[in-house]
Amino acid sequence: MSNYKEIEKKWQKYWEDTKVFEAKNNSSKKKYYYLVEFPYPSGAGLHVGHVRSYTALDALARKKRMMGYNVLFPMGWDAFGAPAEQYAIKNHIHPKDAVKENIKTFKSQVKSLGLSIDWSREFSTTDPEYYKWTQWQFLKFFEHGMAYKAKKNINWCPNCKMGLSNEDSSGGVCERCGHSVEQREKEQWMLRMSDYAEDLIKGLDDTNFMDRIKTAQINWIGKSEGAEVDFKVKEVDECLTVYTTRPDTLYGVTFMVVAPEHPIIDRHSDKIKNMSEIVSYREMAKNKTEFERTQVNKTKTGVCIDGLTGINPITNQEIPIYISDYVMMNYGTGAIMAVPAHDERDFEFATKYNIPIIPVIEQITGEKHDNEKKKNSIVAVLWDPKTDKYLTVNWKDLGGRLFVGGTRNEEEDALDCAKREIIEETGYLHFEYVRDTFPINHHYYAYNKKQAYEIDCTGFLFRLLDDEKTSQQLDEDEEGNFILEWKDKNEIENEVKDELHITTFRNLLHKTAYTGDGKMIHSDILNGLTNKLESIKKMTDYLEKNKLGRKKVNYKLQDWIFSRQRFWGEPIPLIYCDDCGWVPVKEEDLPVLLPDVANYEPTDTGESPLASITDWVNTTCPKCGKKAKRETDTMPNWAGSSWYFLRYMDAHNDKEFVSQDALKYWGKLDFYNGGMEHATRHLLYARFWNQFLYNIGLVPNKEPIDTRVSHGMILGSGGVKMSKSLGNVVNPDDMIELYGADALRCYEMFIGDYEKEVAWSEQGLNGCKRFIDRVVRVGEKVNNQTNYSKSLEKLIHKTIKKVTEDYDQMKFNTVVSSLMILLNEMEKQQEITKDDYRVFLTLFNPIAPHITEEENEKYHLGEAICKSTWPEYDSTKIIDDQKEIAVQVNGKVRATITINVDDSEDEIKAKAYEAENVQNHIKNKEIVKTIVIKGKIVNIVVK
RNA sequence: GCGGGUAUGGCGGAAUUGGCAGACGCGCUAGACUUAGGAUCUAGUGGGGCAACCCUUGCAGGUUCAACUCCUGUUACCCGCACCA
């Protein structure tokens with residue numbers, strides 16, 4: 001621990017005093033806006049993961065400023081929400097004070113890193129001056145009919161005593177405490193986010209998000225195209241409407257399923273004969289947690305509704321209606337048409353409840369030919385349970401290994417045909433039927449008959465009962481041409497090559513729904529079609545024409561549940577009046593402040609703690625002046641973070657949320673860094689919020705963010721997540737104390753690919769400390785001269801180029817390694833010039849700002865680096881006049897030769913042939929060709 | 001199950017985008033200077049072989065004069081979503 005600490009303090013003070021990092025709102029320079037997601041100031045303090053992204057963006061911001069930009073790089077605090085509240089409850093202090101305390105420690109930690117943040121724009125989402133505008137914007141949503149109150153079955157965490165959004169309770173457990181989540185019915189404020197589903201997908205085209213973030217968002221929004229189909233219900237005058245993406249399978253519908261909560265049940269409970277059974281099923285489903293209910297692989301349950309019968313609108317067939325919890329009320333219409341032959345879930349359900357399964361799509365194998373003859377056929381697989389082997393028919397050169405197969409004529413039943421063929425071909429007499437397959441549509445060309453065939457083939461599996469045999473009855477062309485062999489499953493997988501036979505075998509062993517494409521059968525108007533999209537379109541058109549259904553797009557994205565029954569959030573600025581209903585608080589009365597109270601702990605009733613503060617709740621109606629009550633719910637902590645990036649543009653404006661001038665000047669957030677865990681939720685909320693503001697004319701851009709990047713996590717030294725319980729959490733304060741802020745910053749940039757997760761290594765950090773020590777030591781070689789040393793000139797220009805490009809591509813690890821290479825060269829020199837050192841320090845400054853400024857000052861190399869400009873390279877000085885290149889013989893390096901830049905191809909060839917080791921490899925051999933890639937490589941191909 | 005990603009020495013990772021695989025750092029080995037070294041400096045360091053050479057980018061194929069890089073298949077791990085009809 002040298003004087004690093006004093007150096008760091010000195011320069012941090014200098015930056016603060018000179019205000020060099022304060023962004024100007026009225027600058028003629030080009031603007032650039034960098035932002036790292038603002039931290040949640042938790043009691044745990046700063047994590048080394050924060051250091052990684054903060055340093056990275058700080059480096060970019062510092063470089064951009066030196067390149068002449070007016071850079072906005074602000075920081076603030078996201079301090080509403082449950083964690084702060086929990087912390088406060090635990091430590092028996094008011095959340096307000098807890099937040100103040102945490103921000104203080106957090107801020108001093110962040111400051112010790114020496115970031116070039118414009119602290120003049122700092123704010124916290126919990127500042128009344130800030131949340132006034134969050135409330136104001138909520139009222140805009142309300143005014144435009146985008147906020148509504150609805151009774152919702154919400155996810156309720158009994159431990160945190162709080163309602164959770166779907167996003168906060170994914171997997172059926174509370175994100176915060178891990179407790180499993182229950183269902184509770186509650187009146188909730190909702191924002192109509194699902195209205196924006198399409199725009200949120202389309203808007204991605206106007207962003208430069210990484211592809212994986214775009215796809216994550218698209219998947220989250222979950223667009224699906226299909227149709228709604230109206231099924232008449234026989235007993236009542238009502239249609240049961242379902243949503244399906246596969247209207248083409250309508251002829252295969254054999255039952256329907258509605259969600260347990262489906263209102264049709266309540267509407268017609270008088271018609272339902274087994275109502276008590278249904279009620280108890282509903283009870284059971286309700287008591288299940290969302291987690292249990294959505295467990296995949298659990299066996300399906302359900303009850304047939306006795307008294308309501310569906311009618312397939314296209315076949316007029318009567319089909320049963322079930323209730324089952326595998327259908328969700330909150331997606332589609334809460335009711336489905338079930339096609340067990342082509343949907344795995346429906347298949348499972350139908351198998352369990354013995355519901356008929358009608359295939360309407362035939363799997364296609366083989367290749368189509370012209371002039372095909374049609375045949376019906378079977379493939380029969382005989383299984384011997386004693387040996388667990390299957391009987392194969394080995395045709396050797398005449399067709400390879402197959403199973404028993406045969407053609408059946410029109411009158412013959414497929415099962416009879418299969419039995420007959422087994423007896424005739426194999427002689428086995430005693431076996432029993434196990435199962436059959438859906439038919440396969442197979443195409444092949446028979447060379448012996450010079451004829452192409454299209455066959456519909458059903459597969460059968462039989463169990464062998466005993467070994468008793470009769471003599472085979474073979475046709476002439478079969479006699480003596482095959483042998484029978486028992487083979488196990490693996491041998492069959494390897495040896496049966498015929499597509500029809502192997503597919504049939506697989507389908508027999510594992511019978512399930514066929515979800516692939518194929519040829520339509522049993523489907524009247526669709527019969528024979530093989531193109532899925534065409535079938536879907538034809539059926540949808542038919543439905544629309546006959547008023548039986550309509551095209552429909554669905555999204556998984558739901559409306560945003562915007563209420564929390566908690567104390568520590570922005571109060572929702574609405575007042576309920578018995579006469580006027582929900583009335584917004586007048587703009588001049590904003591913000592609605594959180595009252596100062598002693599008790600802010602959550603209640604068992606699920607009511608916000610605010611509800612018990614009567615003199616806060618009781619107020620007058622802003623419209624009619626009568627007695628009225630305030631809304632006691634607060635906003636989720638995603639609210640404040642949905643627009644904070646706009647506020648930095650004009651952080652202390654008390655007239656507007658941001659001035660239009662500031663919005664116009666700063667425009668989009670150019671470069672936004674944050675964790676992958678926010679790829680869907682925060683980013684979607686923020687985009688939705690901003691698109692709404694755009695639509696009502698309050699912001700100039702529909703998409704608020706241009707580029708989005710994500711840093712990889714920093715793991716503990718074993719490659720496992722850092723956690724308190726494992727005791728492998730690294731505290732940045734300790735690292736700064738031991739190695740200095742610059743070394744810590746340098747190490748975190750050098751540690752690896754910025755986007756990938758990496759394991760922490762304190763030895764690696766120590767290596768960076770050594771590097772910085774060497775940077776300081778090499779300063780002792782500085783002489784009185786300017787300009788670059790002749791011996792270093794080329795490398796310096798190359799390094800400027802490489803480092804400049806690598807910063808721009810966020811390849812910080814190779815920035816550091818390039819600088820290490822340059823330093824290694826400098827150390828080899830007797831002395832170095834002022835400019836040599838100065839350019840090195842400038843290139844290193846974005847990563848190690850303190851020590852580079854100090855060294856620059858110590859040797860009087862020029863003005864402070866933060867005020868100077870980024871170095872440029874001279875491309876003419878980068879070109880090597882001589883170069884070592886490899887010579888390969890047959891692709892293997894045999895020698896290296898030195899070439900001049902202006903050597904002709906022939907000269908290079910000559911040099912290559914001359915090289916000693918090349919001679920050894922080409923003598924007595926014929927040179928087929930010689931490839932010369934100028935300045936790169938020579939490859940001599942010999943025979 | 002669906003979607004996305006990753007795989008290179010003992011370790012973290014480079015590779016001009018198809019052109020000498022292993023830059024740079026850590027660690028390790030030997031030596032120097034030292035009362036001392038967890039400081040610093042010098043040399044070495046993918047594996048095999050005395051050597052010429054051979055092998056090597058998860059695995060198996062393919063394209064090419066040339067593949068970590070492109071194509072096909074496959075395995076393992078990580079992340080997100082998940083009965084979404």
Side-chain angles (χ1 to χ4, degrees), chain A residues 170-171 210-220 222-224 226 242-246 249 257 259 293-298 300 324-328 330-339 342-346 348-349 515 554-558 676-677 679-680 712-713 717 719 746-747 750-753 755-768 770-771 773-774 777 798 801-802 805 811 813-821 823-824 827 884-896 917 920 928-942:
Chain A
S170 51
M210 288 184 297
D211 282 343
R212 58 186 176 134
I213 292 176
K214 286 189 183 180
T215 36
Q217 296 214 353
I218 288 166
N219 289 344
W220 188 275
K223 180 176 182 174
S224 91
V242 302
Y243 174 71
T244 178
T245 52
R246 296 299 301 274
T249 61
V257 187
R293 207 179 141 171
T294 54
Q295 274 293 299
V296 190
N297 297 336
K298 92 173 179 209
K300 296 195 171 26
S324 171
D325 61 4
Y326 85 90
V327 173
M328 307 291 148
N330 56 12
Y331 183 79
T333 61
I336 63 158
M337 58 178 227
V339 187
H342 305 294
D343 181 285
E344 279 168 35
R345 295 152 299 173
D346 299 346
E348 192 194 326
F349 195 86
T515 53
N554 254 321
Y555 302 91
K556 282 193 245 177
L557 186 73
Q558 313 254 311
M676 256 328 263
E677 70 274 17
T680 44
M713 244 199 310
S717 47
C746 179
Y747 171 61
F750 186 56
I751 191 167
D753 189 328
E755 287 186 356
K756 286 192 203 143
E757 55 179 29
V758 278
W760 179 263
S761 151
E762 200 164 326
Q763 281 174 332
L765 170 53
N766 192 41
C768 288
R770 282 209 293 246
F771 172 57
D773 288 343
R774 281 165 55 208
R777 233 174 291 135
K798 276 185 177 174
K801 180 172 195 284
K802 169 91 177 135
E805 287 167 358
K811 291 164 92 177
N813 52 341
T814 49
V815 168
V816 177
S817 78
S818 304
L819 291 171
M820 284 173 170
I821 293 169
L823 182 73
N824 288 345
E827 281 178 334
E884 288 239 306
I885 65 162
V887 181
Q888 300 181 327
V889 179
N890 283 350
K892 295 214 162 98
V893 180
R894 297 301 179 186
T896 55
N917 199 32
N920 296 336
V928 181
K929 62 172 155 177
T930 304
I931 292 125
V932 179
I933 308 294
K934 265 205 156 176
K936 284 191 174 157
I937 207 162
V938 178
N939 192 6
I940 304 165
V941 186
V942 297

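For clarity, every value in this text was computed on a predicted model and none was experimentally measured. Note on naming: letters A, B, ... go to the chains in the order of the sequence lines (proteins, then strands), and numbering restarts at 1 for each one.
- Residue A:Asn766 places no side-chain N or O under 4.0 Å from the OP1 or OP2 atom of B:G27.
- Across all strands, A:Gly222 comes closer than 4.0 Å to no nucleic acid atom at all (heavy-atom distances).
- Nearest nucleotide to the A:Ala886 side chain, out of B:A85, B:G25, B:C20: B:C20.
- A:Arg894 has a side-chain polar atom (N or O) that falls below the 4.0 Å cut-off from OP1 or OP2 of B:C54.
- Within the shown strands, B:U40 is the pairing partner of B:A32 under the Watson-Crick or G-U definition, both distances less than 3.5 Å.
- A close approach under 4.0 Å does occur between a side-chain nitrogen or oxygen of A:Lys811 and OP1 or OP2 of B:A15.
- Nucleotides B:A30 and B:G38 place their P atoms 13 Å apart, quoted to the nearest Å.
- For the pair A:Thr814 and B:A23, the criterion of a side-chain N or O lying under 4.0 Å from OP1 or OP2 is not met.
- Between A:Arg777 and B:C41, a side-chain N or O to OP1/OP2 separation shorter than 4.0 Å is present.
- Distances shorter than 4.0 Å separate none of the side-chain N or O atoms of A:Tyr326 from OP1 or OP2 on B:A85.
- When the P atom is compared between B:U35 and B:C26, the two are found 27 Å apart, to the nearest whole Å.
- Side-chain atoms of A:Lys300 and base atoms of B:C83 include a donor and an acceptor less than 3.5 Å apart.
- Applying the 4.0 Å criterion to OP1 and OP2 of B:A14, one finds that A:Asn813 has a side-chain N or O inside that range.
- At B:C41, none of the side-chain N or O atoms of A:Arg770 fall inside 4.0 Å of OP1 or OP2 (strictly under the cut-off).
- Pairing partner, B:U45: B:G27, with both Watson-Crick or wobble hydrogen-bond distances short of 3.5 Å.
- Pairing for B:C81 goes to B:G1, judged as Watson-Crick or G-U wobble with the two contacts each under 3.5 Å.
- For the pair A:Cys746 and A:Phe771, the tightest heavy-atom approach, listed with the atom from each and the gap, is SG-CD2, 4.1 Å.
- Across the protein-nucleic acid pair, A:Phe771 atom CZ and B:G12 atom C1' stand 17 Å apart, rounded to whole Å.
- In this structure, the nucleotide among B:C65, B:U6, B:C26 sitting nearest to the side chain of A:Gln763 is B:C26.
- Contact check, A:Asn917 against B:C53: a side-chain N or O comes under 4.0 Å of OP1 or OP2.
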